[in-house]
*Asks:* 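Below is the structure I would like to discuss, written out as C-alpha coordinates.
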Amino acid sequence: MPEGPSILLMKESIQKFEGQKVTEASGNAKIDKDILVGKTLQQIKTFGKQTYLIFDDVAIRIHLLMFGSHSVDEQTKPDRQLRLALLFSNSGMYFYTCNVKMVDKDFLATIDWEADVMSDDWNPSKAEKKIKANPDMMVCDALMDQDIFSGVGNIIKNEVLFRIGVQPESLLGKMPTKKIKELIKEARNYSFDFLEWKRDFTLKKHWLAHTKKICPKCGQKLIKKQTGKGKRRSFFCENDQKLYQ
DNA sequence: AAGGTTGTTGCCAG
DNA sequence: CCTGGCAACAACCT
(Lines give C-alpha, C1' and ligand atoms only; values in the text may rest on other atoms or scores of the structure.)
Protein backbone atom coordinates (compact mmCIF):
# COMPACT_ATOMS: atom_id res chain seq x y z
CA MET A 1 0.00 0.00 0.00
CA PRO A 2 2.27 2.76 1.14
CA GLU A 3 4.12 4.66 -1.58
CA GLY A 4 3.87 8.46 -1.71
CA PRO A 5 0.43 8.68 -3.38
CA SER A 6 -1.13 6.32 -0.82
CA ILE A 7 0.27 8.49 1.94
CA LEU A 8 -1.42 11.53 0.38
CA LEU A 9 -4.73 9.65 0.44
CA MET A 10 -4.15 8.84 4.09
CA LYS A 11 -3.51 12.52 4.75
CA GLU A 12 -6.79 13.44 3.06
CA SER A 13 -8.64 11.01 5.27
CA ILE A 14 -7.29 12.44 8.52
CA GLN A 15 -7.25 16.08 7.45
CA LYS A 16 -10.47 16.77 9.37
CA PHE A 17 -8.63 16.33 12.66
CA GLU A 18 -6.51 19.41 12.11
CA GLY A 19 -7.27 21.98 14.77
CA GLN A 20 -8.80 19.39 17.11
CA LYS A 21 -7.61 18.48 20.57
CA VAL A 22 -6.45 14.98 21.54
CA THR A 23 -8.58 13.47 24.29
CA GLU A 24 -6.97 10.05 24.44
CA ALA A 25 -3.86 8.34 23.10
CA SER A 26 -3.20 4.60 23.12
CA GLY A 27 -1.42 1.81 21.27
CA ASN A 28 1.87 -0.04 21.60
CA ALA A 29 4.07 2.66 20.05
CA LYS A 30 7.17 3.17 22.15
CA ILE A 31 6.66 6.88 22.70
CA ASP A 32 5.34 8.92 25.59
CA LYS A 33 1.73 8.98 24.42
CA ASP A 34 0.43 10.77 27.52
CA ILE A 35 2.06 14.07 26.61
CA LEU A 36 -0.14 14.23 23.51
CA VAL A 37 -3.37 14.33 25.49
CA GLY A 38 -4.73 17.86 25.65
CA LYS A 39 -2.57 19.03 22.77
CA THR A 40 -4.03 20.41 19.54
CA LEU A 41 -3.13 18.87 16.21
CA GLN A 42 -1.95 22.00 14.45
CA GLN A 43 -1.06 20.59 11.06
CA ILE A 44 -0.52 17.40 9.08
CA LYS A 45 2.37 17.39 6.63
CA THR A 46 3.68 14.61 4.43
CA PHE A 47 7.16 14.17 3.09
CA GLY A 48 7.31 11.29 0.64
CA LYS A 49 6.24 8.20 2.55
CA GLN A 50 6.34 9.94 5.92
CA THR A 51 3.52 11.67 7.71
CA TYR A 52 4.07 14.32 10.37
CA LEU A 53 1.38 15.08 12.91
CA ILE A 54 2.44 18.47 14.18
CA PHE A 55 1.39 19.61 17.64
CA ASP A 56 2.20 22.82 19.47
CA ASP A 57 5.70 21.83 20.53
CA VAL A 58 6.37 18.31 19.17
CA ALA A 59 5.65 16.29 16.06
CA ILE A 60 4.89 12.62 15.54
CA ARG A 61 6.41 10.94 12.52
CA ILE A 62 4.54 7.99 11.11
CA HIS A 63 6.03 5.67 8.52
CA LEU A 64 3.91 2.76 7.30
CA LEU A 65 6.93 0.78 6.07
CA MET A 66 5.85 -2.19 3.95
CA PHE A 67 2.75 -3.44 5.78
CA GLY A 68 1.37 -0.47 7.66
CA SER A 69 -2.21 0.73 7.43
CA HIS A 70 -4.62 3.14 9.07
CA SER A 71 -8.29 3.71 9.68
CA VAL A 72 -10.52 6.53 10.81
CA ASP A 73 -13.30 6.33 13.39
CA GLU A 74 -13.24 2.59 13.85
CA GLN A 75 -10.85 -0.24 14.37
CA THR A 76 -11.91 -2.20 11.32
CA LYS A 77 -9.53 -5.09 11.87
CA PRO A 78 -8.76 -5.46 15.55
CA ASP A 79 -6.43 -8.40 14.96
CA ARG A 80 -3.73 -6.11 13.59
CA GLN A 81 -1.14 -4.56 15.87
CA LEU A 82 -2.59 -1.23 16.97
CA ARG A 83 0.47 0.98 17.15
CA LEU A 84 -1.13 4.33 17.80
CA ALA A 85 -4.67 5.58 18.30
CA LEU A 86 -5.41 9.26 18.73
CA LEU A 87 -8.93 10.08 19.81
CA PHE A 88 -10.51 13.48 19.45
CA SER A 89 -13.85 14.79 20.71
CA ASN A 90 -16.06 12.45 18.71
CA SER A 91 -13.83 10.42 16.45
CA GLY A 92 -10.28 9.15 16.07
CA MET A 93 -7.43 7.93 13.90
CA TYR A 94 -5.80 4.51 14.18
CA PHE A 95 -2.40 3.44 12.86
CA TYR A 96 -1.33 -0.19 12.54
CA THR A 97 2.00 -1.95 12.05
CA CYS A 98 3.97 1.20 11.43
CA ASN A 99 6.98 3.05 12.73
CA VAL A 100 6.07 5.87 15.11
CA LYS A 101 8.60 8.36 16.35
CA MET A 102 8.41 11.58 18.27
CA VAL A 103 10.59 14.28 16.76
CA ASP A 104 11.56 17.74 17.80
CA LYS A 105 9.72 20.46 15.94
CA ASP A 106 13.08 21.88 14.83
CA PHE A 107 13.67 18.65 12.95
CA LEU A 108 11.00 19.64 10.44
CA ALA A 109 13.14 22.57 9.34
CA THR A 110 15.96 20.20 8.35
CA ILE A 111 13.83 18.35 5.78
CA ASP A 112 14.44 19.10 2.12
CA TRP A 113 10.78 19.50 1.20
CA GLU A 114 11.73 20.16 -2.41
CA ALA A 115 12.71 16.48 -2.78
CA ASP A 116 9.09 15.29 -2.46
CA VAL A 117 7.93 14.40 -5.97
CA MET A 118 4.28 15.05 -5.15
CA SER A 119 4.78 18.33 -3.32
CA ASP A 120 3.97 21.77 -4.71
CA ASP A 121 7.54 22.56 -3.70
CA TRP A 122 9.01 19.74 -5.85
CA ASN A 123 12.17 21.06 -7.47
CA PRO A 124 13.05 19.17 -10.67
CA SER A 125 16.27 21.05 -11.35
CA LYS A 126 17.52 20.18 -7.89
CA ALA A 127 16.79 16.52 -8.65
CA GLU A 128 18.73 16.86 -11.88
CA LYS A 129 21.73 18.22 -9.98
CA LYS A 130 21.64 15.28 -7.56
CA ILE A 131 21.49 12.88 -10.49
CA LYS A 132 24.38 14.55 -12.28
CA ALA A 133 26.40 14.23 -9.07
CA ASN A 134 25.98 10.42 -9.13
CA PRO A 135 27.04 9.21 -12.59
CA ASP A 136 27.84 5.68 -11.38
CA MET A 137 24.46 5.14 -9.75
CA MET A 138 21.93 2.80 -11.39
CA VAL A 139 18.71 4.51 -12.39
CA CYS A 140 16.68 1.97 -10.34
CA ASP A 141 18.58 3.01 -7.21
CA ALA A 142 18.20 6.69 -8.02
CA LEU A 143 14.42 6.41 -8.25
CA MET A 144 14.28 4.59 -4.92
CA ASP A 145 16.57 7.14 -3.26
CA GLN A 146 14.37 9.09 -0.86
CA ASP A 147 16.78 12.02 -0.87
CA ILE A 148 16.28 12.45 -4.62
CA PHE A 149 12.76 11.15 -5.31
CA SER A 150 11.04 11.16 -1.94
CA GLY A 151 7.79 9.20 -2.17
CA VAL A 152 8.77 6.93 -5.05
CA GLY A 153 8.55 3.21 -4.26
CA ASN A 154 9.13 0.00 -6.16
CA ILE A 155 5.87 0.06 -8.13
CA ILE A 156 6.38 3.63 -9.28
CA LYS A 157 9.98 2.78 -10.14
CA ASN A 158 8.99 -0.07 -12.45
CA GLU A 159 6.21 1.84 -14.15
CA VAL A 160 8.25 5.01 -14.68
CA LEU A 161 11.13 3.07 -16.23
CA PHE A 162 8.75 1.24 -18.53
CA ARG A 163 7.08 4.48 -19.60
CA ILE A 164 10.36 6.17 -20.50
CA GLY A 165 11.88 3.02 -22.04
CA VAL A 166 14.90 2.77 -19.76
CA GLN A 167 16.35 -0.49 -18.40
CA PRO A 168 16.59 -0.39 -14.57
CA GLU A 169 20.33 -1.11 -14.42
CA SER A 170 21.21 1.83 -16.66
CA LEU A 171 23.84 4.16 -15.26
CA LEU A 172 22.83 7.77 -14.69
CA GLY A 173 26.07 9.07 -16.19
CA LYS A 174 25.41 7.24 -19.46
CA MET A 175 21.90 8.52 -19.96
CA PRO A 176 21.47 11.57 -22.21
CA THR A 177 20.23 14.72 -20.47
CA LYS A 178 16.97 14.47 -22.39
CA LYS A 179 16.29 11.05 -20.84
CA ILE A 180 17.20 12.31 -17.37
CA LYS A 181 14.68 15.11 -17.76
CA GLU A 182 12.06 12.60 -18.90
CA LEU A 183 12.85 10.46 -15.86
CA ILE A 184 12.35 13.38 -13.50
CA LYS A 185 9.17 14.51 -15.20
CA GLU A 186 7.64 11.05 -15.29
CA ALA A 187 8.49 10.28 -11.64
CA ARG A 188 6.10 13.06 -10.66
CA ASN A 189 3.64 12.51 -13.48
CA TYR A 190 3.17 8.80 -12.83
CA SER A 191 2.86 9.44 -9.09
CA PHE A 192 -0.22 11.55 -9.75
CA ASP A 193 -1.68 8.91 -12.09
CA PHE A 194 -1.06 6.39 -9.30
CA LEU A 195 -2.89 8.70 -6.89
CA GLU A 196 -6.03 8.91 -9.01
CA TRP A 197 -6.06 5.20 -9.85
CA LYS A 198 -5.54 4.29 -6.22
CA ARG A 199 -8.38 6.57 -5.25
CA ASP A 200 -10.63 4.73 -7.72
CA PHE A 201 -9.35 1.29 -6.64
CA THR A 202 -8.15 0.67 -10.20
CA LEU A 203 -4.40 0.95 -9.65
CA LYS A 204 -3.48 -2.65 -10.39
CA LYS A 205 -5.29 -2.89 -13.68
CA HIS A 206 -3.24 0.06 -14.94
CA TRP A 207 0.11 -1.60 -14.30
CA LEU A 208 2.02 -2.06 -17.54
CA ALA A 209 5.17 -3.72 -16.21
CA HIS A 210 4.98 -4.25 -12.45
CA THR A 211 4.21 -7.95 -11.74
CA LYS A 212 3.46 -8.44 -15.44
CA LYS A 213 4.67 -11.35 -17.57
CA ILE A 214 4.17 -9.97 -21.06
CA CYS A 215 5.22 -6.62 -22.51
CA PRO A 216 2.08 -4.69 -23.47
CA LYS A 217 3.98 -2.96 -26.29
CA CYS A 218 5.65 -5.82 -28.14
CA GLY A 219 4.23 -8.98 -26.60
CA GLN A 220 7.64 -10.28 -25.62
CA LYS A 221 8.21 -11.90 -22.24
CA LEU A 222 9.15 -9.39 -19.52
CA ILE A 223 12.29 -9.94 -17.47
CA LYS A 224 11.94 -10.22 -13.70
CA LYS A 225 15.15 -9.52 -11.87
CA GLN A 226 16.43 -8.21 -8.54
CA THR A 227 18.31 -5.05 -9.44
CA GLY A 228 20.47 -2.40 -7.81
CA LYS A 229 21.85 -1.95 -4.33
CA GLY A 230 18.50 -2.61 -2.74
CA LYS A 231 18.06 -5.78 -4.85
CA ARG A 232 14.43 -4.88 -5.33
CA ARG A 233 12.53 -6.67 -8.04
CA SER A 234 12.32 -5.05 -11.40
CA PHE A 235 10.07 -5.96 -14.32
CA PHE A 236 11.25 -4.79 -17.70
CA CYS A 237 11.25 -5.47 -21.42
CA GLU A 238 14.61 -6.04 -23.08
CA ASN A 239 13.11 -4.95 -26.34
CA ASP A 240 11.45 -1.68 -25.29
CA GLN A 241 13.72 -0.54 -22.46
CA LYS A 242 17.20 0.57 -23.43
CA LEU A 243 20.19 -0.23 -21.26
CA TYR A 244 22.54 2.75 -20.98
CA GLN A 245 25.95 1.54 -19.85
C1' DA B 1 -1.10 -22.36 1.07
C1' DA B 2 3.61 -21.16 1.45
C1' DG B 3 6.40 -17.75 -0.04
C1' DG B 4 7.25 -13.18 -1.50
C1' DT B 5 6.93 -8.23 -0.73
C1' DT B 6 4.43 -1.41 -2.24
C1' DG B 7 10.16 -0.12 3.14
C1' DT B 8 13.30 1.16 6.53
C1' DT B 9 16.26 0.65 10.65
C1' DG B 10 19.87 -1.14 13.12
C1' DC B 11 23.30 -4.37 14.01
C1' DC B 12 27.41 -6.75 12.91
C1' DA B 13 31.50 -7.98 10.31
C1' DG B 14 35.31 -6.48 7.91
C1' DC C 1 36.01 5.47 11.64
C1' DC C 2 33.25 3.91 7.39
C1' DT C 3 30.74 0.57 4.31
C1' DG C 4 28.01 -3.35 2.91
C1' DG C 5 25.03 -6.99 3.88
C1' DC C 6 21.27 -8.77 5.92
C1' DA C 7 17.92 -9.87 9.77
C1' DA C 8 13.95 -8.04 11.81
C1' DC C 9 9.50 -6.28 11.58
C1' DA C 10 4.48 -8.74 10.74
C1' DA C 11 0.14 -8.38 7.09
C1' DC C 12 -1.62 -9.05 2.75
C1' DC C 13 -1.63 -11.10 -1.89
C1' DT C 14 -1.26 -14.76 -5.03
Side-chain angles (χ1 to χ4, degrees), chain A residues 1-11 13 27-31 46-52 60-71 75-85 94-103 107 110-112 115-118 134 136-163 168-169 186-214 222-236:
Chain A
M1 181 191 176
E3 296 189 31
S6 303
I7 302 306
L8 272 193
L9 291 174
M10 176 166 92
K11 179 176 188 274
S13 76
N28 63 10
K30 294 190 191 82
I31 58 164
T46 62
F47 174 66
K49 300 163 189 166
Q50 317 180 17
T51 304
Y52 290 94
I60 301 292
R61 188 193 73 183
I62 294 175
H63 198 304
L64 297 186
L65 300 174
M66 199 88 93
F67 312 125
S69 61
H70 90 292
S71 69
Q75 296 173 257
T76 47
K77 289 183 183 173
D79 49 318
R80 290 174 296 182
Q81 291 276 330
L82 177 62
R83 188 107 325 139
L84 181 67
Y94 302 81
F95 300 97
Y96 304 90
T97 329
C98 52
N99 180 274
V100 175
K101 193 181 174 190
M102 197 169 295
V103 298
F107 176 75
T110 69
I111 294 173
D112 178 13
D116 183 339
V117 296
M118 302 196 70
N134 289 286
D136 299 329
M137 192 186 255
M138 284 184 182
V139 66
C140 59
D141 286 328
L143 273 170
M144 297 291 282
D145 188 324
Q146 300 300 295
D147 292 328
I148 307 176
F149 293 105
S150 181
V152 170
N154 207 36
I155 297 171
I156 296 176
K157 176 198 81 180
N158 282 323
E159 293 297 308
V160 166
L161 291 175
F162 182 80
R163 278 188 172 188
E169 292 167 310
E186 205 52 50
R188 177 173 168 90
N189 197 27
Y190 180 79
S191 293
F192 281 99
D193 286 345
F194 183 126
L195 174 68
E196 294 316 317
W197 290 329
K198 182 85 186 175
R199 198 196 299 282
D200 299 338
F201 308 104
T202 60
L203 177 65
K204 279 184 193 179
K205 77 167 198 188
H206 284 96
W207 287 345
L208 299 178
H210 192 253
T211 72
K212 295 297 186 184
K213 298 235 183 328
I214 302 292
L222 288 181
I223 307 292
K224 177 184 170 183
K225 184 183 179 187
Q226 312 289 119
T227 64
K229 285 193 174 173
K231 295 195 168 63
R232 302 295 302 276
R233 60 180 185 160
S234 289
F235 298 84
F236 58 91

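Below, read A as the first sequence line, B as the second, and so on, with proteins coming before strands; counting in each chain starts at 1.
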*Asks:* Whole angstrom is fine here: how far is it from NZ in A:Lys224 over to P in C:dT14?
*Replies:* 13 Å
*Asks:* Tell me whether the side-chain N/O atoms of A:Arg232 come closer than 4.0 Å to OP1 or OP2 in B:dT6.
*Replies:* yes
*Asks:* Once you round it to whole Å, what is the distance between P of B:dG7 and CZ of A:Arg61?
*Replies:* 15 Å
*Asks:* Can any side-chain N or O of A:Gln50 pair as donor or acceptor with the backbone N or O of A:Ile62 at less than 3.5 Å?
*Replies:* no
*Asks:* For the pair made of CD in A:Gln226 and P in C:dG5, what is the distance, rounded to whole Å?
*Replies:* 14 Å
*Asks:* Classify the ring geometry of A:Trp207 against A:His210: parallel below 30°, tilted from 30° to 60°, perpendicular beyond 60°.
*Replies:* perpendicular
*Asks:* Does B:dT5 have its OP1 or OP2 closer than 4.0 Å to a side-chain nitrogen or oxygen of A:Arg233?
*Replies:* yes
*Asks:* Picking from C:dA11, B:dT6, B:dT9, which would you name as closest to the side chain of A:Ile155?
*Replies:* B:dT6
*Asks:* Assuming nearest nucleotide by heavy-atom distance, tell me which of A:Lys231 and A:Thr97 is located more 5' along DNA chain C.
*Replies:* A:Lys231
*Asks:* If I pick the P atom on B:dG4 and the same atom on C:dC6, what distance separates them, to the nearest angstrom?
*Replies:* 16 Å
*Asks:* Quick check: on DNA chain C, is the nucleotide nearest A:Phe67 upstream (toward 5') of the one nearest A:Lys229, or the reverse? Name the residue that is more 5'.
*Replies:* A:Lys229
*Asks:* How many Å lie between CG on A:Asn154 and P on B:dG4, as a whole number?
*Replies:* 16 Å
*Asks:* Name the closest nucleotide to the A:Lys204 side chain, picking from B:dT5, B:dT9, C:dC13.
*Replies:* C:dC13
*Asks:* With a 3.5 angstrom cut-off on both distances, give the Watson-Crick or G-U wobble partner of B:dA13, or none if there isn't one.
*Replies:* C:dT3
*Asks:* Report yes or no: does A:Gln146 contribute a side-chain atom to a donor-acceptor pair with the main-chain N or O of A:Gly48 at less than 3.5 Å?
*Replies:* no
*Asks:* Could you tell me whether a side-chain N or O of A:Asn158 sits under 3.5 Å from a main-chain N or O of A:Phe235, the two making a donor and an acceptor?
*Replies:* yes
*Asks:* A:His70 has an atom NE2; how far is it from atom P of C:dA10, in whole Å?
*Replies:* 20 Å
*Asks:* A:His210 side chain N/O closer than 4.0 Å to the phosphate oxygens (OP1, OP2) of B:dT6?
*Replies:* yes
*Asks:* With a 3.5 angstrom cut-off on both distances, give the Watson-Crick or G-U wobble partner of C:dA10, or none if there isn't one.
*Replies:* none
*Asks:* Report the distance from atom CG of A:Asp141 to atom C1' of C:dG4, rounded to the nearest whole Å.
*Replies:* 13 Å
*Asks:* Within this structure, what is the CG-to-P distance between A:Leu65 and C:dA7, rounded to whole angstrom?
*Replies:* 18 Å
*Asks:* Nearest whole angstrom, please: distance from the P of B:dG7 to the CZ of A:Phe149.
*Replies:* 15 Å
*Asks:* Identify whether any heavy atom of A:Lys157 sits under 4.0 Å from a base atom; if not, whether one sits that close to sugar-phosphate; answer base, sugar-phosphate or nothing.
*Replies:* nothing
*Asks:* Would you find a donor on one side and an acceptor on the other, under 3.5 Å apart, between the side chain of A:Asn134 and the backbone of A:Ala142?
*Replies:* no
*Asks:* Hey, does the side chain of A:Lys49 come within less than 4.0 Å of B:dT6's phosphate (OP1/OP2), counting only N and O?
*Replies:* no
